[in-house]
**Q** 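Quick one: the structure is below, questions incoming.
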Amino acid sequence: MLSPAVFVSTAHASPRAPVIWAFGDSLSAGYGLPPAAGFTARLQAALRRAGVAATVRNGGVAGDTAAQARARLRWGLRGLGATPDLVIVELGANDMLRGLPVGQTRTNLDAILTELRNRHIPVLLAGMRAAPNLGPDYVTAFEGIYPALAKHHRVARYPFFLEGVAGNRTLLQADGLHPNARGVEIIVGRMLPSVRSALKE
């Protein structure tokens, strides 16, 4: 016979703190910044200030295209040691910078989202914009990948990872591409509501 104490301890057990995995490239990896100033560390700090005791794990690899990220997705998930409660997919910038075919990028992102859906892992898909010098056709096709895939897979979408930072030299490192510490804080502040909403869903 179970004692009442068993039911009391079960009823008051603390829920597991959510795990968020930022799966992306150098933008989410914190390229050029101390670990404490990178996207994942600052997002975790912002969530905890907001009362969400989440752990944000860094799954960013500098230079990764969507194809390279797709190739490492399964072993990356295994390496977490637990199923994440949310995956932030931040990919495509390197495909765009290399002028890779849009269809190729879409196919690889689609495969990533399919794998996560099959594992019943919620996703926040972070969009990317294309450089205008690639031409209007490429820009339209590339930027259309993200809303189309988000709709198809029924996942949350954040329109542009670098919103409020791209093109502002005071918020970027010397390369003009990666956010500096101030830029990261702006990215995190803008994304925070979307992350919290996706985590609840």
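If you're wondering where the values come from, they're calculated on a predicted model, not measured in any experiment. Only this structure's heavy atoms are used, side chains among them; waters, hydrogens and symmetry mates stay out. Heads up: numbering here begins at 1 and tracks the sequence.
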**Q** Going by side-chain hydrogen bond (donor to acceptor under 3.5 Å, both in side chains), name the residues that satisfy it together with Asp175, two or more places apart in sequence or in a different chain.
**A**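 Per chain and number, Asp175 pairs via side-chain hydrogen bond (donor to acceptor under 3.5 Å, both in side chains) with His178.
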**Q** Among residues at least two apart in sequence or on other chains, which ones pass side-chain hydrogen bond (donor to acceptor under 3.5 Å, both in side chains) with Arg157?
**A**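 Checked Arg157 against side-chain hydrogen bond (donor to acceptor under 3.5 Å, both in side chains); zero matches.
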**Q** What residues form a side chain to side chain contact (heavy atoms under 4.5 Å, CB included) with Arg78, not counting sequence neighbours?
**A**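 If we apply the side chain to side chain contact (heavy atoms under 4.5 Å, CB included) test to Arg78, skipping adjacent residues, the hits are Arg74, Trp75.
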**Q** For Phe23 and Ala69, which heavy atoms make the closest approach, and how far apart are they?
**A**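 So the minimum-distance heavy-atom pair works out to CZ-O, 3.1 Å.
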**Q** Does any part of the side chain of Ile121, heavy atoms only, come nearer than 4.5 Å to the side chain of Leu77, both counted from C-beta?
**A**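 A side-chain contact exists here, since the closest heavy-atom pair is under 4.5 Å.
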**Q** In Å and rounded to the nearest 0.5 Å, what is the CG to CG distance from Leu109 to Leu125?
**A**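 It is 7.0 Å, given to the nearest 0.5 Å.
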**Q** Should Val56 and Val61 be regarded as members of a common hydrophobic cluster, given that ILVMFWY residues are connected when their side-chain heavy atoms come within less than 4.5 Å of each other, either directly or indirectly?
**A**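 Cluster IDs for Val56 and Val61 differ.
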**Q** Please report the closest heavy-atom contact between Phe161 and Ile187, naming both atoms and the distance.
**A**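 Between these two residues, the closest heavy atoms are O-CG2, 3.5 Å.
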**Q** Arg57 vs Leu80, test: side-chain contact (heavy atoms from CB on, under 4.5 Å). Steps then yes/no.
**A** CA-CA 8 Å; Arg57 303 283 295 276; Leu80 290 173; 3.9 Å; yes
**Q** Tell me if a side-chain donor or acceptor on Gln44 pairs with a main-chain N or O of Ala41 at a distance below 3.5 Å.
**A**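 Answer holds: no.
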**Q** Show every donor-acceptor pair shorter than 3.5 Å between a side-chain atom in residues 88-98 and any protein atom, with sequence neighbours excluded, or say none if there are none.
**A**
{"unit_1": "Glu90", "atom_1": "OE1", "unit_2": "Asp25", "atom_2": "N", "d": "3.2"}
{"unit_1": "Glu90", "atom_1": "OE1", "unit_2": "Ser28", "atom_2": "N", "d": "3.2"}
{"unit_1": "Glu90", "atom_1": "OE1", "unit_2": "Ser28", "atom_2": "OG", "d": "2.8"}
{"unit_1": "Asn94", "atom_1": "ND2", "unit_2": "Asp64", "atom_2": "O", "d": "2.8"}
{"unit_1": "Asp95", "atom_1": "OD1", "unit_2": "Ala66", "atom_2": "N", "d": "2.9"}
{"unit_1": "Asp95", "atom_1": "OD2", "unit_2": "Thr105", "atom_2": "OG1", "d": "3.0"}
{"unit_1": "Arg98", "atom_1": "NH2", "unit_2": "Gly63", "atom_2": "O", "d": "3.0"}

**Q** If the condition is salt bridge (charged side-chain N to carboxylate O under 4.0 Å, His left out), which residues does Arg129 pass it with, not counting sequence neighbours?
**A**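 Salt bridge (charged side-chain N to carboxylate O under 4.0 Å, His left out) check on Arg129 returns Glu163.
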**Q** Which residues satisfy the side chain to side chain contact (heavy atoms under 4.5 Å, CB included) test with Ala141, sequence neighbours excluded?
**A**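 Expected list: Val102.
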**Q** So which atom in Trp21 and which in Gly59 form the shortest heavy-atom distance, rounded to 0.1 Å?
**A**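 Here Trp21 and Gly59 meet closest at NE1-CA, 3.3 Å.
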**Q** Has Thr114 got a side-chain atom pairing as donor or acceptor with Asp110's backbone, closer than 3.5 angstrom?
**A**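 Yes, Thr114 side chain to Asp110 backbone: donor-acceptor pair under 3.5 Å.
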**Q** Listed by chain and number, what are the salt bridge (charged side-chain N to carboxylate O under 4.0 Å, His left out) partners of Glu143, not counting sequence neighbours?
**A**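 If we apply the salt bridge (charged side-chain N to carboxylate O under 4.0 Å, His left out) test to Glu143, skipping adjacent residues, there are no hits.
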**Q** On a heavy-atom basis, which atom in Val139 and which in Ala131 lie closest, and how many Å separate them?
**A**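 Smallest heavy-atom distance, with atoms named: CG2-O, 3.5 Å.
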**Q** Rounded to the nearest 0.5 Å, how far apart are CZ of Arg119 and CG of Leu73?
**A**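 It comes to 6.5 Å.
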**Q** Nearest heavy-atom pair of Leu27 and Pro179: which atoms, and what distance?
**A**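 For Leu27 and Pro179, the tightest heavy-atom pair comes out as CD2-CD, 3.8 Å.
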**Q** So does Gln68 get a backbone contact from the side chain of Thr65, meaning a donor-acceptor N/O pair under 3.5 Å?
**A**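 Judged by distance alone, yes, a pair lies under 3.5 Å.
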**Q** What do you reckon, are the aromatic ring centroids of Phe160 and Tyr146 less than 6.0 Å apart?
**A**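 Ring centroids of Phe160 and Tyr146 are no less than 6.0 Å from each other.
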**Q** Side-chain contact, heavy-atom cut-off 4.5 Å: Arg196 with Leu47?
**A**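 Answer yes - side chains close enough.
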**Q** When you compare the side chain of Leu124 with that of Val155, does any pair of heavy atoms fall below 4.5 Å?
**A**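 Of all side-chain heavy-atom pairs linking Leu124 with Val155, none is under 4.5 Å.
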**Q** Does anything in residues 45-56 form a side chain to side chain donor-acceptor pair (under 3.5 Å)? List the pairs, not counting sequence neighbours.
**A**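 For residues 45-56, and leaving out neighbouring residues, the side chain to side chain donor-acceptor pair (under 3.5 Å) pairs sorted by first residue read Arg48-Thr55.
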**Q** Please list all pairs passing the side chain to side chain donor-acceptor pair (under 3.5 Å) test where one or both residues lie in residues 179-192, with sequence neighbours left out.
**A**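 Side chain to side chain donor-acceptor pair (under 3.5 Å) check on residues 179-192 returns Arg42-Glu185.
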**Q** Counting only heavy atoms not in Tyr31, do more than 12 fall under 6.0 Å of its OH?
**A**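 12 or below, so no.
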**Q** State which residues pass salt bridge (charged side-chain N to carboxylate O under 4.0 Å, His left out) with Arg117; sequence neighbours excluded, sorted by chain then number.
**A**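 Arg117 satisfies salt bridge (charged side-chain N to carboxylate O under 4.0 Å, His left out) with no other residue.
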**Q** What residues, two or more places apart in sequence or in another chain, satisfy side chain to side chain contact (heavy atoms under 4.5 Å, CB included) together with Asp85?
**A**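 Arg16, Pro18, Val19, Leu199.
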**Q** What residues, two or more places apart in sequence or in another chain, satisfy side chain to side chain contact (heavy atoms under 4.5 Å, CB included) together with Arg106?
**A**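 Only Ile145, Ala148, Leu149 meet the side chain to side chain contact (heavy atoms under 4.5 Å, CB included) criterion with Arg106.
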**Q** Looking at every non-hydrogen atom in both residues, tell me the closest pair between Thr40 and Ala22 and how far apart they are.
**A**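 Heavy-atom minimum between the residues: CG2-CB, 3.6 Å.
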